[in-house]
Amino acid sequence: MSATIKLTLPDDSVREYPAGTTAAEVIKSIGPGLARAALAASLDGTPVDLGTPIGHDARFAALTFDSDQGREVLRHSASHLMAQAVTELYPGTKVAIGPAIEDGYYYDFDRETPFAAEDLKKIEARMAEIVLRDLPVTRQEMPRDQAIEHFKQLGETYKVELIEALPAGETISCYRQGGFIDLCRGPHVPSTGRIRHYKLLSVAGAYWRGDERNKMLQRIYGTAFDKKEQLDAHLAKLEEIKKRDHRRLGKELDLFSLHEELGAGLVCWHPKGARMRSIVEDHWRKRHFAGGYDIVYTPHLGREWVWQTSGHLKFYHENMYSPVDIDGDKYYLKPVNCPMQIMIYKSGHYSYRDLPLRWAELGTVYRYERSGTLAGLFRVRGFTQDDAHIICTPAQMDEEILRVLDFSLSILSDFGFTDVKIELSVRDPARLDKYAGADEMWVKAEQSLVKALQARGIAAERMEGEAVFYGPKIDIKIRDSLGRLWQCTTIQFDFNMPEKFDMTYVAEDGAKHRPYMVHRALLGSLERFFGILIEHYAGNFPLWLAPVQVAVLNITSAQGEYARKLAGVLTAQGFRVTLNPGGEKIGAKIRDAEIAKVPCMAIVGAKEAETNRVSLRRHGRGDVGQLTVDELVALLHKEVAERA
RNA sequence: GCCACCGUAGCUCAGCUGGCAGAGCAGCGGUUUUGUAAACCGCGGGUCGGGGGUUCAAAUCCCUUCGGUGGCUCCA
């Protein structure tokens with residue numbers, strides 16, 4: 001080992017230190033501010049403890065909370081802190097795993113009595129104490145056998161199981177803080193005092209290793225931040241998410257309902273929600289016709305033969321409902337639309353000149369989802385997919401994929417979603433045997449998907465092994481106004497159905513060939529998409545989507561006639577208008593309209609009635625001044641057209 | 001499906017360790033005619049999610065079932 005080592009910092013500057021200098025000392029030499037912020041360090045990209053002596057040349061970086069790795073270290077340390085508090089408060093509790101996750105961390109515990117909300121407060125208080133103790137967090141390595149023995153003696157059977165799963169001969173690292181020792185790869189913050197701003201959020205059940213055959217453990221979720229403002233902002237965001245919850249807004253704005261008496265996961269669209277849905281559907285249809293699609297309708301159930309042929313009875317049986325008996329035949333509610341559309345295809349003969357076919361459908365499907373997974377509009381048992389199937393020749397494939405990608409992104413942007421994340425899911429190269437369809441088809445299909453993404457300069461994340469068994473796919477996730485990602489669009493090749501149903505077309509050579517088929521759901525499910533829209537806009541819908549666009553409010557009943565006429569003019573212009581001619585004060589009428597989140601309030605008193613004008617008040621913005629009725633109509637038309 | 005928690009009027013919620021079901025808003029009937037987020041008075045409304053049990057007595061305790069919430073799991 002040389003006496004000095006060279007460390008390359010992120011700005012590419014190189015500094016020399018005596019060999020064996022610790023990461024903390026290096027950071028201290030860079031600057032006191034950085035030393036205060038540093039949670040751990042990174043050596044050639046690998047995170048290490050601040051106390052690690054450095055013995056060789058390397059790329060070096062301090063890890064602060066600003067980096068993903070730094071955040072992970074702090075939160076992982078917070079999970080250890082929580083586990084220590086729990087084991088101190090409730091002796092005999094076994095600890096399982098406690099990783100950092102997006103936005104926080106959790107730890108799974110095995111304890112007879114469940115944790116109550118009060119327990120979280122107690123645990124938090126104990127965590128605060130341990131922080132004050134400022135216990136050093138130290139790393140300790142031991143051979144595998146010794147580690148197993150050690151945790152056996154502690155009665156930590158889950159840890160023993162974890163270590164046993166590690167390869168033989170591997171050195172096991174543990175981290176100790178005070179009397180608490182945990183199996184852990186690390187790194188961690190140097191002492192418990194370094195964890196300052198944290199909060200326990202919820203308790204939930206979780207199976208050991210995520211397998212429902214295993215014991216149900218108790219998981220406590222928490223989060224941790226480096227600065228108080230960050231934690232406060234995060235908690236404020238959680239509050240905001242609660243406020244925007246589509247289940248709450250759906251009720252408040254009278255958009256939809258679910259009923260115990262009707263059955264779980266079945267949605268009733270109220271007039272206002274249905275109005276919005278019809279606007280979404282109308283736009284969707286208009287764009288599809290303009291985009292070269294035809295629209296089809298198919299039934300809600302079909303005979304056993306269809307589902308046997310498609311393979312759903314074999315592979316998707318758990319998600320399908322029991323059959324209905326019709327004249328002694330079994331009919332199943334459809335969980336997907338494709339077989340029905342294939343029936344349409346099979347009713348004719350197609351030549352290569354007829355392709356590509358682009359068939360879209362708002363098809364209502366029924367899937368059994370386990371009761372615990374149901375959630376508002378996001379996970380239901382009956383929903384309408386905006387499904388489409390593209391049937392094309394190999395030569396048309398590239399163009400069709402590019403076209404459907406452009407089309408999807410364009411429609412998502414119509415609804416205000418321009419920030420998207422795209423994933424390309426391909427085969428698991430290690431398990432090529434578990435996929436349907438010829439190897440050549442997979443290769444070509446994947447090339448089409450890649451080419452389309454490249455043509456648009458889209459950096460998609462490649463997901464090895466995430467393809468469904470019947471074909472590769474592109475998924476588009478949209479980012480909402482709170483930064484959350486929602487998967488909507490999926491563009492999937494299907495090499496299975498054309499085969500199963502023996503779909504063919506006659507090619508230039510006069511022979512029958514197998515067409516390529518692509519499934520595409522764009523908005524996904526109308527129910528779910530509606531839920532996303534509600535939360536994205538927090539119920540403050542843009543004018544073109546708002547179920548009620550204008551509330552006409554007269555100041556006294558003397559303007560009743562003028563108000564009625566105005567409402568009539570706006571309605572005739574195609575706007576959605578309500579009139580509140582009642583005897584309340586204008587303040588009360590305005591309040592009602594504001595609470596209903598109506599985008600425009602047309603307020604008319606004596607002055608307006610005389611001059612054929614209105615006073616326009618915008619939701620959330622207040623009075624924006626007077627304008628003539630014609631000006632109002634023009635303004636509304638313009639705003640609707642812009643979908644602003 | 002599993003674990004925890006929850007279910008009281010249309011909505012939001014109060015009702016402590018068992019002792020005659022409450023409030024605000026909404027609704028309805030009046031009065032009020034009002035200038036940018038709540039006028040006033042009055043009235044009606046509940047088998048306390050359903051079923052069973054314990055008890056002299058159950059919204060309250062126990063069992064069961066349905067539904068919801070947070071997770072786990074699954075997602076052709």
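Heavy atoms from other residues, nucleotides or ligands lying under 6.0 Å from NZ of A/Lys346 number more than 12.
Using C1' as the reference atom, B/rA23 and B/rG50 are 27 Å apart when rounded to the nearest Å. Separating the P atom of B/rA21 from that of B/rU33 is a span of 43 Å, rounded to the nearest Å. Here, B/rC20 and B/rG15 have their P atoms 16 Å apart, quoted to the whole Å. If you take atom C1' in B/rG68 and the same atom in B/rU31, they sit 43 Å apart, rounded to whole Å. With both ends at atom C1', the span from B/rC43 to B/rG7 equals 29 Å, rounded to whole Å. Spacing between B/rC75 and B/rA58 at atom C1', rounded to whole Å, works out to 44 Å. Remark: the separation of the P atoms in B/rU8 and B/rU69 is 14 Å, to the nearest Å. Spacing of P atoms, B/rA59 relative to B/rG46, comes out at 16 Å, to the nearest Å.
Pairing for B/rA57 is absent, judged as Watson-Crick or G-U wobble with the two contacts each under 3.5 Å. Remark: B/rG22 base-pairs with B/rC13. Criterion, Watson-Crick or G-U wobble with two distances under 3.5 Å. B/rC5 is paired with B/rG68 under the criterion used here, namely a Watson-Crick or G-U wobble arrangement in which both key atom distances are under 3.5 Å. Shown here, B/rG42 forms a base pair with B/rC28; the pair counts as Watson-Crick or G-U wobble because both key distances fall under 3.5 Å.
Under a 4.0 Å N-O distance rule, the pair A/Glu400/A/Arg520 does not qualify as a salt bridge. Between A/Glu161 and A/Lys94 there is no salt bridge, since no side-chain nitrogen of the basic residue lies less than 4.0 Å from a carboxylate oxygen of the acidic one.
If you check B/rA4, B/rG67, B/rC74 against the side chain of A/Ala264, the one that comes closest is B/rG67. When each of B/rA4, B/rU69, B/rC72 is scored by its nearest atom to the side-chain atoms of A/Arg219, the top-ranked nucleotide is B/rC72.
Summarising the geometry, the separation between CZ on A/Phe378 and C1' on B/rG68 is reported as 16 Å, rounded to the nearest angstrom. Rounded to whole Å, the distance from CE on A/Met216 to C1' on B/rG71 is 9 Å. Residue A/Asn319 contributes atom CG, which lies 12 Å from atom C1' of B/rU73 at whole-angstrom precision. The distance between atom OH of A/Tyr562 and atom C1' of B/rU33, rounded to the nearest whole Å, is 19 Å. B/rG68 atom P lies 12 Å from atom CG of A/Leu377, rounded to whole Å.
Listed by first then second residue, pairs satisfying ring-ring contact (aromatic ring centres under 6.0 Å, His included) with a partner in residues 596-627 of chain A number zero, not counting sequence neighbours. Note on residues 607-619 of chain A: pairs passing salt bridge (charged side-chain N to carboxylate O under 4.0 Å, His left out), not counting sequence neighbours, are A/Glu594-A/Arg617, A/Arg618-A/Glu639. Residue pairs satisfying the salt bridge (charged side-chain N to carboxylate O under 4.0 Å, His left out) criterion with at least one member in residues 373-389 of chain A, sequence neighbours excluded, are listed as follows: A/Glu369-A/Arg379. Applying the salt bridge (charged side-chain N to carboxylate O under 4.0 Å, His left out) test to pairs two or more places apart or on separate chains, those with a residue in residues 245-258 of chain A are A/Asp245-A/Arg247, A/Arg248-A/Glu252.
Dashed line: the shortest gap from a side-chain N or O of A/Thr373 to OP1 or OP2 of B/rC74 is not under 4.0 Å. At least one side-chain nitrogen or oxygen of A/Arg247 sits closer than 4.0 Å to the OP1 or OP2 atom of B/rG70. For the pair A/Lys251 and B/rU12, the criterion of a side-chain N or O lying under 4.0 Å from OP1 or OP2 is met.
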Sugar-phosphate atoms are those with a prime plus P, OP1 and OP2; base atoms are the rest. Using that split, label each nucleotide of nucleotides 35-47 of chain B B, S or - for protein heavy atoms under 4.0 Å, 5' to 3'. BBBBS--------
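When each of A/Met276, A/Arg275, A/His246 is checked for a side chain to side chain contact (heavy atoms under 4.5 Å, CB included) with A/Leu255, only A/Met276 meets the rule.
Scanning residues 520-531 of chain A for heavy-atom distances under 4.0 Å to RNA chain B yields an empty list.
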For a quick test of your reading: what N or O donor-acceptor pairs under 3.5 Å do the side chains of residues 424-431 of chain A make, sequence neighbours left out?
| residue | atom | partner | partner atom | Å |
| --- | --- | --- | --- | --- |
| A/Arg427 | NH1 | A/Asp439 | OD1 | 3.0 |
| A/Arg427 | NH2 | A/Asp439 | OD1 | 3.0 |
| A/Asp428 | OD1 | A/Ala430 | N | 3.0 |

Could you pull out all donor-acceptor pairs under 3.5 Å where a side-chain atom in residues 546-560 of chain A meets a protein atom, sequence neighbours excluded?
| residue | atom | partner | partner atom | Å |
| --- | --- | --- | --- | --- |
| A/Gln549 | OE1 | A/Arg576 | N | 2.8 |
| A/Gln549 | NE2 | A/Leu543 | O | 2.9 |
| A/Asn554 | OD1 | A/Lys589 | NZ | 2.9 |
| A/Asn554 | ND2 | A/Thr556 | O | 3.2 |
| A/Thr556 | OG1 | A/Ala558 | N | 3.1 |
| A/Thr556 | OG1 | A/Gln559 | OE1 | 3.3 |
| A/Thr556 | OG1 | A/Gln559 | NE2 | 3.2 |
| A/Gln559 | OE1 | A/Ile555 | N | 3.4 |
| A/Gln559 | OE1 | A/Thr556 | N | 2.7 |

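Evaluation of atom-type donor-acceptor distances gives no pair under 3.5 Å for the side chain of A/Arg370 against the base of B/rC2. Judged by distance alone, with hydrogens and angles left aside, A/Tyr207 brings no side-chain donor or acceptor close enough to the base of B/rG71 to form a pair under 3.5 Å.
A/Gly625 comes within 4.0 angstrom of nothing in the nucleic acid, heavy atoms only. Counting non-hydrogen atoms under 4.0 angstrom, A/Tyr221 reaches the backbone sugars and phosphates but no base. Looking at heavy-atom distances under 4.0 Å, A/Leu374 makes contact with sugar-phosphate atoms alone, never a base.
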With the criterion being N/O to N/O and under 3.5 Å, what pairs connect the protein with nucleotides 61-66 of chain B, and how long is each?
| residue | atom | partner | partner atom | Å |
| --- | --- | --- | --- | --- |
| B/rC66 | O2' | A/Glu260 | OE2 | 3.3 |
| B/rC66 | O2 | A/Glu260 | OE2 | 2.9 |

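Every residue meeting the salt bridge (Lys or Arg N to Asp or Glu O under 4.0 Å) condition with A/Glu239, not counting sequence neighbours, appears here in chain and number order: A/Lys242. Checked against salt bridge (Lys or Arg N to Asp or Glu O under 4.0 Å), A/Glu499 has the following partners two or more places apart in sequence or in another chain: A/Arg514. Every residue meeting the side chain to side chain donor-acceptor pair (under 3.5 Å) condition with A/Thr364, not counting sequence neighbours, appears here in chain and number order: A/Thr384.
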For the pair A/Arg370 and A/Glu212, evaluate salt bridge (Lys or Arg N to Asp or Glu O under 4.0 Å) and give the outcome as yes or no after the intermediate values. CA-CA 13 Å; A/Arg370 298 207 278 181; A/Glu212 61 186 288; 3.2 Å; yes
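Toward the 5' end of RNA chain B, the nearer of the two residues A/Ala375 and A/Val336, judged by each one's closest nucleotide, is A/Ala375. Between A/Ala558 and A/Arg367, the one whose closest nucleotide on RNA chain B sits nearer the 5' end is A/Ala558.
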